[in-house]
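Taking it in order: structure first as structure tokens, then the write-up.
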Amino acid sequence: MRPQLRIRQWMMIGMLIVLLLPRLLFEIYDMIDHYFFESSRNERQQIGLTAAIRTVSVTSTERWGEPAWQASLQSIANRADLGIILLDGAGREIFHSVPAEATGTAARQISVVEQGEVRGEVLFFVPKRRSEVATVCSILAAVGAILFIGWKMGRVVVKPLEAMSAAARRIADGNLDFHLPESSVLEVATVRSAFHAMGSSLRESILRQSELEEERRFFIGAIAHDLRTPLFTLRGYLARLEKGMANNPDRTSRYLSICSKKAEQLERLVSDLFSYTKLESIEQTLRPEPVEPGRLFAELAEEFRPVAMEKSIELSYEEGMCKEEVIIIGDSYLLRRAVGNLIDNAIRHTPHSGNITFGWRKEDDRIVFTIEDTGTGIVEQDLKLIFEPLYRGDKSRNPAYGGVGLGLTIARRIVRAHKGELIVQNRNLSGGAIFTGWVPLH
């Protein structure tokens with residue numbers, strides 16, 4: 001992962017580059033020029049200065065005004081890159097040959113004395129060394145530094161921000177497919193990560209919304225189907241009773257019995273639907289309290305035993321051996337609802353003269369309960385789908401079983417809300433199912 005700096009740090013680095021790089025290059029070139037080129041120039045100037053001093057010293061001041069002599073002195077000055085000014089005894093200028101860059105204080109001054117009197121003065125000027133190349137290099141370095149910083153800031157700041165702006169417009173148009181370039185600026189990288197996280201959340205939300213919408217449509221269709229059948233039957237038999245078509249007590253009793261069963265079926269449907277609507281908020285509606293699983297399960301067994309006896313089904317209750325009192329923390333109403341749904345499901349899918357075994361035991365730091373029946377069992381490929389909402393192993397949706405396919409879904413969600421789990425497996429190849437659930441003690 002590339003190191004990330006804050007934008008203030010990037011600005012400070014950019015300012016230092018612009019300020020220091022040109023000066024650094026200038027000094028480097030000046031140092032190179034001084035050590036590799038300046039020595040030969042100084043030697044040449046020293047030789048020229050010596051020659052000029054000797055020429056002036058051996059020449060009488062009366063000849064300083066001669067053009068030929070001045071030409072020879074000028075030649076020496078040009079070769080040595082020197083500036084020379086000759087003044088007479090009164091300070092009047094006789095000869096002047098000084099380059100423009102050599103203006104300023106004379107590097108050396110000589111007074112010429114003849115016959116005990118000062119007859120003239122000679123001023124020698126050494127031009128200041130100028131490095132046009134170093135100046136050009138420093139200017140180019142400054143321009144290059146500015147261009148580099150501009151390119152770098154465009155790459156790590158401007159380009160990601162432009163991409164974020166484009167992504168925001170895409171999101172506004174409903175298009176969540178975007179990718180933002182990486183940045184070594186901490187603030188930009190943070191915003192980039194937030195953008196990607198927002199995009200992922202929105203995609204998940206839209207996908208979840210689509211799944212919920214599809215589930216809602218299927219749910220409504222399934223409810224309409226399951227409610228229509230008993231309502232149609234109930235309406236038909238009530239119409240017969242209203243028209244007096246039941247002309248004897250036996251037929252009237254049979255019609256009323258059918259209407260009563262259909263009303264019970266409708267009640268079961270509405271009850272399941274009402275429970276399902278609360279599933280999403282089970283965790284928020286839990287009312288934890290100390291619960292004795294032995295007492296709760298024993299009461300459930302007694303409650304459902306008469307229902308099982310109506311179908312000639314034997315409901316056996318087995319309580320695990322445990323010396324100490326077992327207490328769990330949970331919502332007794334919801335736990336009763338979950339286990340009751342499992343027992344009710346076993347009764348509805350166990351044939352006449354079948355057996356159901358309901359029991360529980362303590363294992364380490366949890367209690368485990370099982371409901372085992374001798375029904376037809378569950379098709380292998382349906383084991384993973386048995387807890388899905390609206391799922392029925394009976395593809396014909398036979399209303400004889402009642403319900404809407406929500407009882408097992410409700411049971412598992414209640415158990416999971418108590419930090420437990422509910423699973424199912426077939427008892428053996430000959431049939432039967434075993435539902436096993438567990439809930440932690442604390």
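When the options L408, I410, I423 are evaluated for a side-chain contact (heavy atoms from CB on, under 4.5 Å) with F387, the one that passes is L408. Only one option out of T61, V122, I76, I110 pairs with V56 in a side-chain contact (heavy atoms from CB on, under 4.5 Å); it is V122.
Nearest heavy atom pair, residue A301 against residue L315, reads O-CD2, 3.6 Å. In terms of heavy atoms, I329 sits closest to P290 at CD1-CA, 3.9 Å. Residue F358 comes nearest to F297 through the heavy atom pair CE2-O, 3.3 Å, listed as atom of the first residue, atom of the second, then distance. Closest of all the heavy-atom pairs between L82 and G48 is CD1-C, 3.7 Å. The two residues D364 and L441 have their closest heavy-atom pair at O-CD1, 3.9 Å. Between F124 and A52, the shortest heavy-atom contact is CE2-CB, 3.6 Å.
D344 contributes no side-chain N or O that, together with a main-chain N or O of G340, makes up a donor-acceptor pair within less than 3.5 Å. Panel note: side chain H418, backbone D331; a donor-acceptor pair is recorded below 3.5 Å. Judged by distance alone, with hydrogens and angles left aside, the side-chain atoms of D382 form no donor-acceptor pair with the main-chain N or O of L385 at under 3.5 Å. A donor-acceptor pair is defined here as one N or O able to donate and one able to accept, closer than 3.5 Å; no such pair exists between the side chain of S165 and the backbone of L161. For S72 (side chain) and W69 (main-chain N/O), a donor-acceptor pair under 3.5 Å exists by modelled atom type. Using modelled atom types, no side-chain atom of S205 and backbone atom of S201 make a donor-acceptor pair closer than 3.5 Å. Under the 3.5 Å distance criterion, the side-chain polar atoms of D373 are matched with a main-chain donor or acceptor of A433. Of the possible polar contacts, one joining the T55 side chain to the A51 backbone as a donor-acceptor pair under 3.5 Å is found. Judged by distance alone, the side chain of R361 and the main-chain N or O of V368 form no donor-acceptor pair under 3.5 Å.
Enclosure of atom CZ in R235 is not indicated, since only 12 or fewer non-hydrogen atoms of other residues, nucleotides or ligands lie within 6.0 angstrom. Counting non-hydrogen atoms of neighbouring residues, nucleotides and ligands closer than 6.0 angstrom, the CD atom of E380 reaches no more than 12 such neighbours.
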Decide side chain to side chain contact (heavy atoms under 4.5 Å, CB included) for L73 and L86; before the verdict, give the C-alpha distance in whole Å, the side-chain angles of both, and the deciding distance to 0.1 Å.
CA-CA 11 Å; L73 185 62; L86 300 180; 3.8 Å; yes

Assess whether side chain to side chain contact (heavy atoms under 4.5 Å, CB included) is satisfied between W64 and L87, documenting all intermediate values.
CA-CA 9 Å; W64 284 6; L87 302 175; over 6 Å; no

For side chain to side chain contact (heavy atoms under 4.5 Å, CB included), just list the numbers for I85 and F125, CA-CA rounded to whole Å, side-chain angles, deciding distance to a tenth of an Å, and then say yes or no.
CA-CA 8 Å; I85 297 177; F125 296 86; 3.5 Å; yes

Just do the salt bridge (charged side-chain N to carboxylate O under 4.0 Å, His left out) check on K159 and E162 with the steps written out, would you?
CA-CA 5 Å; K159 185 177 179 181; E162 290 177 347; over 6 Å; no

Do R79 and S75 pass the side-chain hydrogen bond (donor to acceptor under 3.5 Å, both in side chains) test, and can you show the C-alpha distance, the side-chain angles, and the key distance before you say yes or no?
CA-CA 6 Å; R79 286 195 304 269; S75 176; 2.6 Å; yes

Stepwise side chain to side chain contact (heavy atoms under 4.5 Å, CB included) check, K419 with V439
CA-CA 7 Å; K419 311 302 181 184; V439 176; over 6 Å; no

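Taking CD of E299 as the reference point, atom CD of E292 lies at 9.5 Å (rounded to 0.5 Å). Distance check, rounded to the nearest 0.5 Å: CG of L140 to CG of L147 gives 10.5 Å. A distance of 13.5 Å separates CD in E319 from NZ in K362, rounded to the nearest 0.5 Å. Taken to the nearest 0.5 Å, the CD atom of E372 stands 9.0 Å off from the CD atom of Q425. Of the inter-residue distances, the one linking Y317 atom OH with T357 atom OG1 reads 13.0 Å to the nearest 0.5 angstrom. Going from atom CZ of F435 over to atom CG of L342 covers 6.5 Å, rounded to the nearest 0.5 Å.
Residues T436 and L422 fail the side-chain proximity criterion, which asks for heavy atoms closer than 4.5 Å. Looking at V98 and I84, their side chains never come closer than 4.5 Å, going by heavy atoms from C-beta outward. Between R348 and N345, some side-chain heavy-atom pair lies under the 4.5 Å cut-off. Here the side chains of V424 and L383 are in contact, with some heavy-atom distance below 4.5 Å. The shortest side-chain heavy-atom distance between T409 and E388 does not fall under the 4.5 Å cut-off. The shortest side-chain heavy-atom distance between V326 and W360 falls under the 4.5 Å cut-off. At a threshold of 4.5 Å between non-hydrogen side-chain atoms, the residues R337 and L335 do not count as touching.
One finds a salt bridge joining R63 and E66 here, because a Lys/Arg side-chain nitrogen approaches an Asp/Glu carboxylate oxygen to under 4.0 Å. Salt-bridge formation is not detected for the pair R119/E62: no Lys NZ or Arg NE/NH1/NH2 atom is positioned less than 4.0 Å from an Asp or Glu carboxylate oxygen. The pair E289-R287 does not count as a salt bridge, with every side-chain nitrogen at least 4.0 angstrom from each carboxylate oxygen.
No donor-acceptor contact under 3.5 angstrom links the side chains of S332 and R336, judged on distance only.
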